Visitor: 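Quick one: structure below, then a few questions.
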Amino acid sequence: MDLATILLVLANVGNFSMGLLVYLRNKKATANFLFGILAFVIVLWGIAMIIFRGYIFFGISDPLILSKILFSVASLPVFFLFLFAFIFPEESSRKPHWITISLAVIGLLTIIFAIMATDLIIRNVEMQITKNHRIIFGDWYFIYLFYVMVYIGAAIINMFLNTKKLFGIQKKQLFYFFIGVLISASISLFFNLILPIFKIYEYQWFGQVSTLIMLGFMTYAIMKLHLLRVKIVTAEFFTFIMWVFILIRFLTTTTNQERILNGGFLVFITVFGLLLIRSVIKEVRAREEIEELATKLEFANLRLKQLDEAKSDFLSIASHQLRTPLTAIKGYASMILEGSYGKISETTKSAVDKIFQSSQRLVLIIGDFLDISHIEQGTMQYDFAALDVKELAKGLTDEFKATIESSTDKSKALKISFEADEKENFSVNADRNKIRQVVSNLIDNSIKYTPAGFVKVSLSKIAENGNVLLKIEDSGIGISAETMPNLFKKFGRARSLSSAYANGSGLGLYVAKEIIKAHKGKIWAESEGEGKGSRFFVELKAT
Ligand code: ADP
C-alpha cells in the first residue's frame with residue numbers, strides 16, 4: 001500500500017466514526033441525521049478514490065467507468081453539504097424552500113447523468129503505474145466545476161449569514177463549521193479539480209483526506225455542547241467494536257480448544273461491556289442531574305438576591321413613612337410633659353411618659369432599619385472628622401444618668417459611672433453622629449439588660465498601638481456562650497430573653513458592628529455567662 005492509500009483509508013475510518021458518533025448522539029435530530037449522511041457519502045467518495053487508484057472493483061475493470069463513478073460520487077457530498085448548511089443548527093434554520101431542494105436535486109441528477117452517460121465531463125483515462133491515473137476532461141468540464149462551486153458557495157454563504165443571527169455557543173459552533181468547510185472545500189477544489197486541468201494528477205486524492213479536517217471541526221462543534229453524552233456513545237462504540245472483533249475470532253477459530261476459549265471470552269466481554277455501559281450511563285445521568293440542579297440553584301440565588309433588594313427597598317420606604325407620624329407623637333408627648341398644654345395629673349404624666357419613652361425607642365428601631373437598608377444598599381454615608389471620644393462618651397453617660405434619675409420608674413437601682421485618664425488624648429478620626437449612635441446603643445443595652453447594680457463606661461489607651469479603647473461594663477443578665485456568636489448578627493438576640501426585654505429588635509449591635517467596620521475599628525463582647533454581667537468593647541484607631 002502506498003502512502004496515499006493509507007491516508008485515504010485512515011480518513012475513511014475517521015470520517016465514518018465521526019458520522020456514527022454524531023448520529024448516535026441524537027438519532028431524532030434532523031441535523032444529526034443529515035450529518036451522518038454527509039459523513040457517509042464522504043466515506044463513499046473516499047472509497048471510490050481508493051478503487052479508482054487501485055483499479056480494483058468487482059467485475060468492473062474499465063478505468064473510464066471507475067473515474068466516472070468517482071466523479072458522480074464526488075457530487076454527493078457537495079449536494080448534502082448544501083442541504084446541511086440549511087438545517088444546522090436546527091433552531092435557527094430557515095428550512096429550505098421545496099423549490100430550492102427540487103432545483104438542487106435536478107442539478108445533482110443532471111450532473112451525474114452528464115458524467116455517466118456522456119463524455120462532456122470526462123472523456124478518457126490514461127492509466128499510470130503510479131496510480132495517479134490521468135483523467136482527460138471533456139469540453140464541458142467547467143459545468144462540473146461550476147456545479148461544485150455554486151453548491152459549496154451557497155452552503156458557505158448560508159452558514160455565514162446564519163452566524164450573524166446566532167449568539168453564544170451556537171455562533172461558535174457554526175463558526176467552526178464555516179472554517180472546516182472553507183479549508184476542506186478549498187483543498188478539494190484546488191487539488192482534485194483544478195490541478196488536473198493543468199495535467200497535475202499526483203495530488204488528486206488530497207480532497208478526500210482533507211475532509212477529515214472538515215468533519216473534525218464539525219464533530220467538535222456538535223459535541224462541544226453536550227460533552228457528557230459523548231462519553232456514553234464512546235463507551236457504546238468501543239464496546240461494540242470489541243464484541244464484533246471477538247465474535248469474528250470466535251467464528252473463525254478452527255480448533256475446539258480455541259473455540260471454547262474465545263466463547264468464554266465472548267461471554268465475559270459481553271457481560272462486562274454491558275456493565276460498563278450501564279455504569280457510564282448512570283454516571284452521566286448523575287452528572288447531568290447535578291448540572292441541572294446547579295442551574296436551578298443559580299436561578300434561585302438570583303431570585304433571592306432580587307428579593308433581598310426588594311426587602312431593603314421596602315425597609316427604606318416603610319421607615320421613612322413611619323418616621324414622620326412618630327416625630328409628631330414624640331413631639332406632642334414631650335410638650336404635654338413639659339406642661340405646654342396646661343397642668344396634668346401625675347397619673348396622666350406617667351402615662352404620657354410611657355408614650356414618650358416608647359416612641360423614643362421606636363425612633364431608634366426605625367433608625368436601625370434605615371441604617372440596615374443603607375448598609376445593604378451600600379449607600380451609608382460617613383462624614384469623617386476629628387472626634388474627642390472622651391467628651392462624647394462622658395456627655396452620653398451623663399445624659400443616660402439624668403434620664404434614669406428623672407424617670408418615674410424607681411424600681412431600677414442602677415449606678416452609672418464614667419471614668420477616663422485626665423491627661424490622655426482620646427482623639428480619633430470618625431463620624432461623630434455614627435459613633436454617638438454606637439456608644440448610645442451600647443450604654444442603652446447595658447441599662448436595659450441590667451436590672452440592678454452598675455454600668456461602668458471607661459476609656460483607656462491600648463499600650464501597643466495607641467488606639468482608643470472604650471469599655472462598657474455592667475452587672476446585668478450577662479450573655480450565654482450560646483448567644484455570644486450571634487450577638488453582632490442581624491436579629492441576633494438571646495433566645496432565653498424573658499418578656500421583660502421584649503422590646504428589642506436585635507439590630508442595634510449589627511448596625512454598630514457595620515459602623516465600626518467602616519471606621520476600621522473593632523467591636524466585641526465578653527461575658528462570664530448568664531447572670532454574670534457583660535463587657536462590651538470598641539477599639540478605634542487613634543489619629
Ligand atoms: P436589642 O437589644 O434591640 O435586642 P441589640 O442588637 O442591641 O438588639 O442586642 C442584641 C442582643 O444582644 C440582645 O437582644 C441581647 O440578647 C444581647 N445583649 C446586648 N447587650 C447586652 C448586655 N449589655 N447584656 C446582656 N445581653 C446583651
Side-chain angles (χ1 to χ4, degrees), residues 315 318-319 322-323 326 357-376 380 393 396-397 399-401 403-404 412-419 433-459 469-519 521-539:
L315 267 183
S319 309
L322 287 172
R323 241 186 186 178
L326 207 57
Q357 298 293 344
S358 302
S359 50
Q360 171 70 17
R361 189 131 273 154
L362 216 52
V363 167
L364 289 177
I365 291 177
I366 290 173
D368 284 345
F369 278 141
L370 266 180
D371 283 342
I372 284 179
S373 59
H374 279 309
I375 288 168
E376 289 183 350
M380 192 83 153
L396 272 172
T397 317
E399 266 177 45
F400 276 103
K401 209 194 252 174
T403 324
I404 286 202
K412 222 168 181 169
L414 210 55
K415 255 190 76 178
I416 302 183
S417 63
F418 178 79
E419 195 182 295
N433 284 334
K434 298 282 186 318
I435 296 295
R436 190 188 152 84
Q437 186 183 341
V438 173
V439 179
S440 161
N441 193 354
L442 292 178
I443 302 179
D444 187 50
N445 272 352
S446 278
I447 294 172
K448 201 161 65 175
Y449 298 115
T450 307
F454 64 83
V455 172
K456 280 185 201 161
V457 182
S458 59
L459 264 181
L469 185 69
L470 174 77
K471 178 166 115 180
I472 294 134
E473 191 177 4
D474 64 51
S475 59
I477 64 168
I479 302 157
S480 68
E482 184 198 358
T483 310
M484 200 57 110
N486 298 322
L487 216 55
F488 293 93
K489 292 190 182 147
K490 231 189 280 178
F491 303 110
R493 306 196 72 213
R495 232 177 256 163
S496 57
L497 278 191
S498 70
S499 53
Y501 307 105
N503 57 3
S505 62
L507 293 173
L509 288 182
Y510 170 73
V511 173
K513 194 183 126 201
E514 292 297 322
I515 291 175
I516 298 300
K517 207 159 81 183
H519 283 78
K522 277 188 225 155
I523 181 166
W524 71 98
E526 289 173 1
S527 172
E528 258 51 81
E530 265 177 60
K532 297 199 175 131
S534 328
R535 293 181 295 277
F536 280 81
F537 298 89
V538 176
E539 182 181 333

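For ligands, and for the atoms within them, numbers begin at 1 and follow the listed sequence. Just so it is clear, the structure is predicted and the values come from calculations on it, not from any experiment.
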Visitor: Can you sort out which atoms of ligand 1 are near Gly506, meaning under 4.0 Å from one of its heavy atoms?
Guide: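 Taking each heavy atom of Gly506 in turn, ligand 1 has 1 (P), 3 (O), 4 (O), 6 (O), 8 (O) under 4.0 Å.
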Visitor: Quick test of your reading of the model: are Arg535 and Glu526 salt-bridged, counting only N-O distances below 4.0 Å?
Guide: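 Here Arg535 pairs with Glu526 in a salt bridge, since their nearest N and O are under 4.0 Å apart.
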Visitor: Ligand 1 versus Asp474, non-hydrogen atoms closer than 4.0 Å: side chain, backbone, both, neither?
Guide: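 Side chain only.
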Visitor: At less than 4.0 angstrom from any non-hydrogen atom of Phe536, what atoms of ligand 1 do you find?
Guide: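 It comes down to these atoms of ligand 1: 19 (C), 20 (N), 21 (C), 22 (C), 23 (N).
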Visitor: Output the distance between atom CD1 (Ile366) and atom CG (Leu507), rounded to the nearest 0.5 Å.
Guide: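 Reported to 0.5 Å precision, the distance equals 12.0 Å.
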Visitor: Find all atoms of ligand 1 within a distance of less than 4.0 Å from any non-hydrogen atom belonging to Leu509, and give their numbers and elements.
Guide: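 Answer for ligand 1: 5 (P), 6 (O), 7 (O), 9 (O), 10 (C), 12 (O), 19 (C).
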Visitor: In Å and rounded to the nearest 0.5 Å, what is the CG to CD1 distance from Leu396 to Ile416?
Guide: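 The CD1 atom of Ile416 is 11.0 Å from CG of Leu396, to the nearest 0.5 Å.
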Visitor: Pairs of nitrogen or oxygen atoms closer than 3.5 Å, one from Tyr510 and one from ligand 1: do any exist?
Guide: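 No; the residue has no nitrogen or oxygen that sits under 3.5 Å from a nitrogen or oxygen of the ligand.
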Visitor: Mind checking the NE2-CD spacing from His374 to Glu514? Nearest 0.5 Å is all I need.
Guide: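 The CD atom of Glu514 is 14.0 Å from NE2 of His374, to the nearest 0.5 Å.
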Visitor: Report, in ascending order of atom number, the atoms of ligand 1 lying under 4.0 Å from any heavy atom of Ile479.
Guide: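 Here the atoms of ligand 1 in question are 25 (C), 26 (N).
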Visitor: Please identify which atoms of ligand 1 are closer than 4.0 Å to at least one heavy atom of Leu487.
Guide: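 Every atom of ligand 1 under 4.0 Å from some heavy atom of Leu487: 12 (O), 17 (C).
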Visitor: Quick one: look at Ser446 and ligand 1, take heavy-atom pairs under 4.0 Å, and tell me if it's side chain, backbone, both or neither.
Guide: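 Near ligand 1, Ser446 shows its backbone as well as its side chain.
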Visitor: Could you pull out all residues at least two apart from Lys532 that satisfy salt bridge (charged side-chain N to carboxylate O under 4.0 Å, His left out)?
Guide: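 Not a single residue meets the salt bridge (charged side-chain N to carboxylate O under 4.0 Å, His left out) criterion with Lys532.
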Visitor: Considering all heavy atoms of both residues, which atom of Phe400 and which atom of Ser440 are nearest to each other, and what is their separation?
Guide: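 Result for this residue pair: CZ-O, 3.5 Å.
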Visitor: Can you tell me if Ser527 uses its side chain to pair, donor with acceptor, with the backbone of Gly529 under 3.5 Å?
Guide: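 Indeed, once roles are kept as given, a pair shorter than 3.5 Å links the two residues.
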Visitor: So if I count the atoms of ligand 1 from 1 in the order they appear, which ones are less than 4.0 Å from some heavy atom of Leu507?
Guide: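 In order of numbering, the contacting atoms are 6 (O), 8 (O).
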Visitor: Can you find an N or O of Gly508 that's nearer than 3.5 Å to an N or O of ligand 1?
Guide: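 Among all N and O atoms of Gly508, at least one is under 3.5 Å from an N or O of ligand 1.
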Visitor: Looking only at heavy atoms, what is the nearest atom pair of Asn441 and Leu509, with distance?
Guide: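 Between these two residues, the closest heavy atoms are ND2-N, 4.0 Å.
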Visitor: Closer than 4.0 Å to some heavy atom of Lys448 - which atoms of ligand 1 meet that?
Guide: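 Near Lys448, meaning under 4.0 Å from one of its heavy atoms, ligand 1 has 1 (P), 2 (O), 3 (O).
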